[in-house]
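A short worksheet on the structure shown next.
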Amino acid sequence: MRQNAFSDLSLKPTALEAAKQTANHLKFNDLVRSLSRVEPKKRVLAFRLLEKSKALEVFEYLTPDKQADLIREMENPEVISVLEALDADDRVKLFEELPAKITKRLIASLSPEARASVNLLLGYPEKSAGRLMNLRYLAVRNHITAGAALASVRESNLKDDELDMVFLIDSQRFYRGFIRTVRLIKVNPETPIEMLLDGTNVAVRATDSEMQAAQMLKDYNLPAVPVVDSEGRLLGDITFDDVIDLIQEEATEAALSQAGVGNLLTRDKVWSDRLIRGNAWYAIRLRILFLIITLIGGMLVGGLIEQFEEVLGSVVAAAVFIPLVMDMGGNVGTQSTTIFARGLAWNHINLSQFIPYLLREIRIGGIMGIILGGTAGVIAYVWQGIPNGVPLLGLAVGIALFCVVTLGALLGAILPWIMLKSGFDHATGADPFITTVKDFTGLWIYFSLVGLLLGIEA
C-alpha cells in the first residue's frame, strides 16, 4: 500500500512536522497522488508543508480543478508566487476553472510580463490552438550551423522536455521548419542548419482548433507542433503533453458515441457542473419545478384517499399499511434511478439497446415484489387481518406491494431514459415523477383491492 504523507493533518505541531518530513521525502508521483487525495479544505495546509521548489513542481502536475481548489484557499501573495512560476498555457488552464471575478483579480496582480502572456492566450477563441499553445520554446535563425544551434540548446534555460525540437525562423520570425535535437548531436557541427530542417509544412495556425494540433501530433509522431499566426510567423508550440487529455477524451467520446451515449454523457456532465458549481438560483429553479409536480401529485393522492374514505371507514386496519405501500415503491424507484445513473456514467448501459436492460429491471422488480409482497402479506394477515376479522387484508397488502415494487423498478429505469431522450435533466426530475406516479397508482391499486376483496364499494 502506498504511503499517504497527509493522513494526519491535525494542527498539532508534532503531527504537522511528521507530515512535512514524510512528504518531502516521498517520490514525486507518490507525492502528487497523496496531495490529490487530501480533502480540498485541508489540501492547502498539506501544500504549505512542501519545500518551495517541490511545491511548485507538484502544483504543475495537479489537474486544473485541483489547482483551482488550492488557489481558492490560498492567500493572495502566496497565489501570485505560484502563478508566476507557471507557464502561460498552464495559467490559462487554471483560470478557466476559476470564477471570472477571481480570474480578473489574479490577472491584474501578475507581473506585466506574465499578464501580457496570459492576455495573449486568452485573446484566442476557446478550444483553439492559440489558447493551448506554449510560449516557451527554442527557435534559431535559419542561416546558422548545426554546431551553433546545438550551443543554443546547451545554453537554453528551458526544461529538458521543452528541447526535443528546435524551430527555425528567418529574420522576420517566419517559420521555416524544425530539427530534432538528437539530429544536431549526430551531424557535423559545420553543417548548415538549412540542410537539416524538416517539417516545412508542419504547423497549425493559432486560430485552428486544438484537435487539429492533436491530430497533427498523432499523424507525424512529433513531440511538439509549431503554432503560427495568420501570416506564418512562429508564436509558440503545442506539445504532446498538452493534448494527451484531448486525445484520451476524443477516444472516449468515440467509444461512447458508438455505444449511443456520447452526447448524453457530455450533456449530463454540463448539467452536473451547473447544479453543483453554478448559480444557486439555477439549481433552485430547476429542482423546484419538479418538486411542484410532486406537490400537485400529493394533492391528487389526498383526493384519491378521500374517494376511498368509505373503504377506510369500514376497514380502519387498512390505514396501517398506507405508508408501507407508498414508501416501498419509492425506495425501489430510487434504487433503480441510482443504478441507472451509475451504469450510464460507467458505460455499462447502452441506450441504443435499452429494452434488454429495461426488461431485466422489470424482472428484478417483479422478483423483489413477490418476496416483499409475500412477506408483508403474511405479516398483515397475522397482525391486522385475523384480529380485525378481515383475513383477506393480507392478500390485498401482498398484491399491492408486489405491484408498487414492480412499478417502482419500471419507472426508475424508464423515466430517466425518457427524460434524457427528451432533453431534460434526469437527476432533478426522475425521482419526483416516480414519487407522484407511484404514490397515486400504488394507493389506487391498494384501495381497489381492499374494496374488491372485502366487498366494500368506494
Side-chain angles (χ1 to χ4, degrees), residues 2-13 15-111 113-115 117-119 121-122 126 131-132 134-136 159 241-242 244-245 248-249 269 272-280:
R2 291 186 175 92
Q3 183 179 13
N4 190 340
F6 308 112
S7 57
D8 183 6
L9 285 177
S10 62
L11 296 180
K12 296 178 181 179
L16 292 178
E17 183 60 30
K20 180 177 180 179
Q21 292 298 324
T22 303
N24 284 295
H25 287 87
L26 276 181
K27 293 181 180 179
F28 180 75
N29 289 340
D30 289 339
L31 184 54
V32 173
R33 191 177 297 107
S34 293
L35 190 63
S36 297
R37 290 174 177 170
V38 178
E39 61 179 285
K41 290 185 178 180
K42 289 187 176 181
R43 195 173 291 151
V44 69
L45 175 60
F47 184 75
R48 286 173 178 149
L49 296 177
L50 302 178
E51 297 169 357
K52 185 175 181 181
S53 58
K54 184 171 288 189
L56 294 175
E57 189 175 5
V58 167
F59 188 88
E60 290 181 358
Y61 279 86
L62 293 174
T63 58
D65 60 317
K66 288 185 172 62
Q67 289 180 345
D69 288 338
L70 270 176
I71 291 296
R72 289 187 183 97
E73 299 295 328
M74 288 180 179
E75 301 295 333
N76 198 61
E78 186 180 17
V79 171
I80 299 306
S81 66
V82 170
L83 292 178
E84 291 281 357
L86 292 177
D87 291 338
D89 57 324
D90 290 329
R91 288 191 207 111
V92 170
K93 291 175 187 175
L94 171 58
F95 288 153
E96 288 175 343
E97 294 291 328
L98 293 170
K101 289 183 179 179
I102 295 179
T103 296
K104 187 176 181 180
R105 173 175 60 81
L106 291 177
I107 291 176
S109 302
L110 293 172
S111 65
E113 181 182 357
R115 185 164 59 249
S117 63
V118 168
N119 286 332
L121 298 189
L122 289 175
E126 290 187 22
R131 180 71 74 95
L132 189 65
N134 176 24
L135 300 179
R136 291 170 56 83
K159 300 174 185 176
D241 288 344
D242 294 327
I244 184 65
D245 291 339
Q248 289 175 340
E249 287 174 12
K269 181 179 179 181
S272 177
D273 183 69
R274 292 188 68 186
L275 280 172
I276 294 173
R277 299 194 291 184
N279 186 281

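If you're wondering where the values come from, they're calculated on a predicted model, not measured in any experiment.
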Distance-minimising heavy-atom pair for [X] and [Y]:
| X | Y | value |
| --- | --- | --- |
| Ser111 | Glu84 | N-OE2, 2.7 Å |
| Ala88 | Leu135 | CB-CD1, 3.9 Å |
| Leu98 | Ala68 | CD2-CB, 3.7 Å |
| Leu132 | Asp89 | O-CB, 3.6 Å |

Salt bridge present between Arg72 and Asp69 (N-O < 4.0 angstrom): yes
Basic-acidic side-chain contact under 4.0 Å: Lys159, Glu60: yes
Salt bridge (Lys or Arg N to Asp or Glu O under 4.0 Å) against Glu96, all qualifying residues, sequence neighbours excluded: Arg131
Please report the interatomic distance [atom1]([X]) to [atom2]([Y]), rounded to the nearest 0.5 Å.
| X | Y | atom1 | atom2 | result |
| --- | --- | --- | --- | --- |
| Ser81 | Lys52 | OG | NZ | 5.5 Å |
| Arg91 | Gln67 | CZ | CD | 12.0 Å |
| Asp90 | Asn134 | CG | CG | 8.0 Å |
| Leu83 | Ile71 | CG | CD1 | 4.5 Å |

Stepwise side chain to side chain contact (heavy atoms under 4.5 Å, CB included) check, Ile107 with Leu122: CA-CA 11 Å; Ile107 291 176; Leu122 289 175; 3.7 Å; yes
Partner set under side-chain hydrogen bond (donor to acceptor under 3.5 Å, both in side chains) for Ser109, not counting sequence neighbours: none
Could you go through residues 99-106 and list every donor-acceptor pair under 3.5 Å that involves a side-chain atom there, pairing it with any protein atom two or more places apart or in another chain?
from   : atom 1 : to    : atom 2 : distance (Å)
Thr103 : OG1    : Phe95 : O      : 3.2
Thr103 : OG1    : Pro99 : O      : 3.2
Arg105 : NH1    : Asn76 : OD1    : 2.7

